[in-house]
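Please read these numbers as outputs of a predicted model, since none were measured by experiment. Just the heavy atoms: all of them, side chains too, but no hydrogens, waters or symmetry mates, feed the values below.
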Amino acid sequence: METKYLFVTGGVVSSLGKGIISSSLALLLQARGYRVTIQKFDPYINIDPGTLNPYEHGECYVTVDGHECDLDLGHYERFTGIHTTKANNITTGRIYQNVIERERRGDYLGKTVQIIPHVTDEIKRCVKILGDTGDYDFIITEIGGTVGDIESTPYLEAVRQLKWEMGRNVEFIHLTYVPYLKAAKELKTKPTQHSVKMLQQVGIQPDILVLRTEVELRESMLHKVAQFCNVTEQAVIQSLDAPSIYEVPLMMHAQGLDRIVLEKAGLPVEGEPDMQAWMHFLSKVEGATEKVRIGLVGKYVELQDAYKSISESLSHAAAYNDRKLELVYIHSEKLDESNVEEKLKDMDGVIIAPGFGQRGIEGKFVALKWLREHDVPTLGICLGMQCMVIEYARNVLGLAGANSAEMDANAPHKVIDMMEEQKNISNMGGTMRLGAYDCQLRPGSKTAQAYGSTSVRERHRHRYELNAAYEQQLEEAGLKCVGKNPDTQLVEVVEADGLRWFVGTQYHPEYQSTVLRPHPLFEAFIKAAITK
């Protein structure tokens, strides 16, 4: 079959959940046997979110091929199990960079370079890259931002042209907000009507409307929206707040979203999607009565999207261990010797979060010392693993002033140092050790037992590594370097001897946990927390 292109746009306000709706639709189409992938177009001029502060943009997700991208790609992967790549996340910065490079090479043969056709043509090219492979039946493209934003205008023009060129192979799904005025006890559809009119003004008629609402909409209101927005009544779908994002696919299917998409594409609608494995996961979530209490020590706890993949990975692992996750965010900047016991004593297990920079680092050292001495199951990720090494060097090896070169370039014991290949790099964006790399695990280690294998492949995002000059001292003192990259001998995993579960990974296991395949390391961590 010809590849079908589905475009998901947003109106009224941002952060309505376009990524969750896109992921839910992708899952439903997959469950009907179609080959699906999802991409995200972000209207900002950064080349990627790799240099963006998490307060600005939340978590920076990393694909298998080493591309730093939007956190929505994490949702895409967790819902569908697909592996996204650089082609799945395009920013305005990338679009303009490509156009300017072509202009510098003379590819435009002396023509004046303009938004139309040159920028819009580049957007269309990026839309079709995945479709041109022949690997997919459906390409779902989420366009970031809100209709009416200046930044989104070239994207809307480009996809309008694609509809004109491809006809029935292109569909538009528009997600809007229906506010509830509590004082008047009324729902208001006028913002949705205005949002659709703005789309129509740029030449796009939505095929399907998804209405985000906190209060259930009456049939008469759905009829009104359909009539004023020129959409068939059955193609107006409401998206009520759900107890879990993982229930959204079922809500969308119950209202026929997948059926409507197939009908509008001229494809047969036969039987029901196979959601058995998904339903098994939800039954685990709903059936769990006992809690497992996990603390997450980090410096971005005011914005929980900064740790989105970690929190979701913990949720998956808890569900499959028949537990409800109670995740407690603990600000590392506010943690010290005077309050560490009060903050951590009720935790079944603790995550030491990744991050960059000095702020909040001493709080992580204080937490790790207390956790190690009280034998609380602990998982350190990336900088969290490096903090494990520094704390161990200071308080077990007795190396006063031990630190990371990132935090103190003049430290007497740089137990964490910059990777050799990183030392001459000046550009910050996209230059770290990024993407999936092999790791060999020591047989019999807790980590190897968790994976059920001694060979794994995990994703990275870092510049600094464990300094090999201190490896033997750490080993002899009981912090075992049980995982290494076979090519570079970079230490990937450390474990503390004699403790029930004290593991640090230089890589980010949270990037590979999905709903149907929870990450084995998180599962093992949760198991250890339960037995505590």
Side-chain angles (χ1 to χ4, degrees), residues 1-8 17-39 75-84 88 130-131 133-142 166-175 206-212 216-217 219 222 226 231-240 242-287 316 319-320 514-518:
M1 62 177 269
E2 289 183 291
T3 301
K4 312 295 181 183
Y5 295 86
L6 311 176
F7 295 99
V8 180
K18 293 191 296 294
I20 301 300
I21 295 298
S22 300
S23 301
S24 299
L25 177 56
L27 172 68
L28 292 169
L29 292 172
Q30 272 188 334
R32 288 185 175 275
Y34 291 101
R35 302 168 302 161
V36 186
T37 193
I38 322 179
Q39 60 182 179
H75 289 311
Y76 304 164
E77 293 201 5
R78 284 188 286 272
F79 272 65
T80 64
I82 61 175
H83 275 172
T84 56
N88 293 80
L130 293 166
T133 64
D135 294 335
Y136 303 105
D137 303 314
F138 285 92
I139 311 289
I140 301 173
T141 303
E142 176 192 346
M166 296 182 175
R168 203 170 187 177
N169 288 336
V170 169
E171 294 178 38
F172 294 109
I173 300 166
H174 189 52
L175 180 64
D207 298 286
I208 299 168
L209 289 177
V210 179
L211 309 181
R212 281 288 285 116
E216 190 166 358
L217 304 175
E219 285 293 326
L222 297 176
V231 177
T232 58
E233 215 168 322
Q234 67 267 30
V236 180
I237 290 167
Q238 56 180 314
S239 177
L240 275 162
S244 161
I245 58 172
Y246 301 119
E247 292 184 28
V248 174
L250 303 182
M251 293 166 59
M252 293 299 100
H253 174 62
Q255 295 176 78
L257 177 60
D258 48 325
R259 174 182 54 78
I260 296 162
V261 165
L262 292 174
E263 286 174 351
K264 288 185 178 292
L267 295 171
V269 182
E270 298 167 352
E272 290 290 306
D274 179 8
M275 298 288 285
Q276 191 172 345
W278 195 267
M279 295 296 290
H280 172 69
F281 168 74
L282 286 179
S283 71
K284 286 278 194 184
V285 172
E286 291 161 8
H316 306 156
Y320 285 104
T514 71
V515 171
L516 302 186
R517 293 186 66 188

Asker: Roughly how far apart are I21 CD1 and I140 CD1, rounded to 0.5 Å?
Answerer: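 Answer for the CD1-CD1 pair, I21 versus I140, is 11.0 Å.
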Asker: Rounded to the nearest 0.5 Å, what separates atom CG in L28 from atom CG in D274?
Answerer: 11.5 Å
Asker: With rounding to the nearest 0.5 Å, note down the distance linking CD1 in I237 to CZ in R212.
Answerer: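 Those atoms lie 14.0 Å apart.
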Asker: Examine distances only and state if a side-chain atom of E77 and a backbone atom of T84 form a donor-acceptor pair shorter than 3.5 Å.
Answerer: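 Answer holds: yes.
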Asker: State whether the side chain of W278 and the backbone N or O of F79 hold a donor-acceptor pair below 3.5 Å, judged by distance alone.
Answerer: no
Asker: For F172, which of V8, L209, I208, D207 qualifies under side-chain contact (heavy atoms from CB on, under 4.5 Å)?
Answerer: D207
Asker: Closest heavy-atom contact between E247 and P243?
Answerer: OE1-CD, 3.6 Å
Asker: I'd like to know if the side chain of E171 reaches the main chain of A265, judged simply by a donor and an acceptor atom lying under 3.5 Å from each other, with no hydrogens or angles considered.
Answerer: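 A pair under 3.5 Å: yes.
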Asker: Provide the closest heavy-atom pair for E142 versus G19 in the form atom of the first, atom of the second, distance.
Answerer: OE1-CA, 3.3 Å
Asker: Over all heavy atoms of both residues, which pair between L6 and F138 is shortest? Give the atoms and the distance, please.
Answerer: CD1-CD2, 3.8 Å
Asker: Any chance you could lay out the side chain to side chain contact (heavy atoms under 4.5 Å, CB included) test for M275 and L27, step after step, and finish with the verdict?
Answerer: CA-CA 9 Å; M275 298 288 285; L27 172 68; 3.8 Å; yes
Asker: Would a distance-only check, ignoring hydrogens and angles, find a side-chain to backbone donor-acceptor pair under 3.5 Å from Q30 to T80?
Answerer: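 Here the side-chain-to-backbone pair exists.
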Asker: Applying side chain to side chain contact (heavy atoms under 4.5 Å, CB included), run through V36 and L25 and close with a yes or a no.
Answerer: CA-CA 10 Å; V36 186; L25 177 56; over 6 Å; no
Asker: Whether the side chain of Q238 engages the backbone of L217 through a donor-acceptor N/O pair (distance < 3.5 Å, no angle test) should be reported.
Answerer: yes
Asker: Start with the C-alpha distance between F281 and Y320, add both sets of side-chain angles, then the distance that settles side chain to side chain contact (heavy atoms under 4.5 Å, CB included), and finish with yes or no.
Answerer: CA-CA 7 Å; F281 168 74; Y320 285 104; 3.6 Å; yes
Asker: Taking all heavy atoms of V248 and all of S24, pick out the closest pair and write down the distance.
Answerer: CG1-OG, 3.4 Å
Asker: Is there a donor-acceptor pair under 3.5 Å between the side chain of D137 and the backbone N or O of K4?
Answerer: no
Asker: Working to the nearest 0.5 angstrom, can you tell me the gap between L222 CG and E233 CD?
Answerer: 7.5 Å
Asker: For the residue pair I38 and A26, what are the closest heavy atoms and their distance?
Answerer: CD1-CB, 3.5 Å
Asker: Atom CE in M251, atom OG in S239: separation rounded to 0.5 Å?
Answerer: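 Answer rounded to 0.5 Å: 5.0 Å.
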Asker: Main chain of R259, side chain of R32: is a donor-acceptor contact present, judged purely on distance under 3.5 Å?
Answerer: no
Asker: Can you check whether E263 reaches T232 side chain to side chain, under 4.5 Å on heavy atoms?
Answerer: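 No - every pair of side-chain heavy atoms lies 4.5 Å or more apart.
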Asker: Using every non-hydrogen atom in the two residues, find where H174 and P206 come nearest and quote the distance to one decimal.
Answerer: CB-CB, 3.9 Å
Asker: Between R78 (side chain only) and V515 (backbone N and O only), is there a donor and an acceptor less than 3.5 Å apart?
Answerer: no
Asker: Side chain of D258, backbone of L29: donor and acceptor closer than 3.5 Å?
Answerer: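 Not confirmed, D258 side chain does not pair with L29 backbone.
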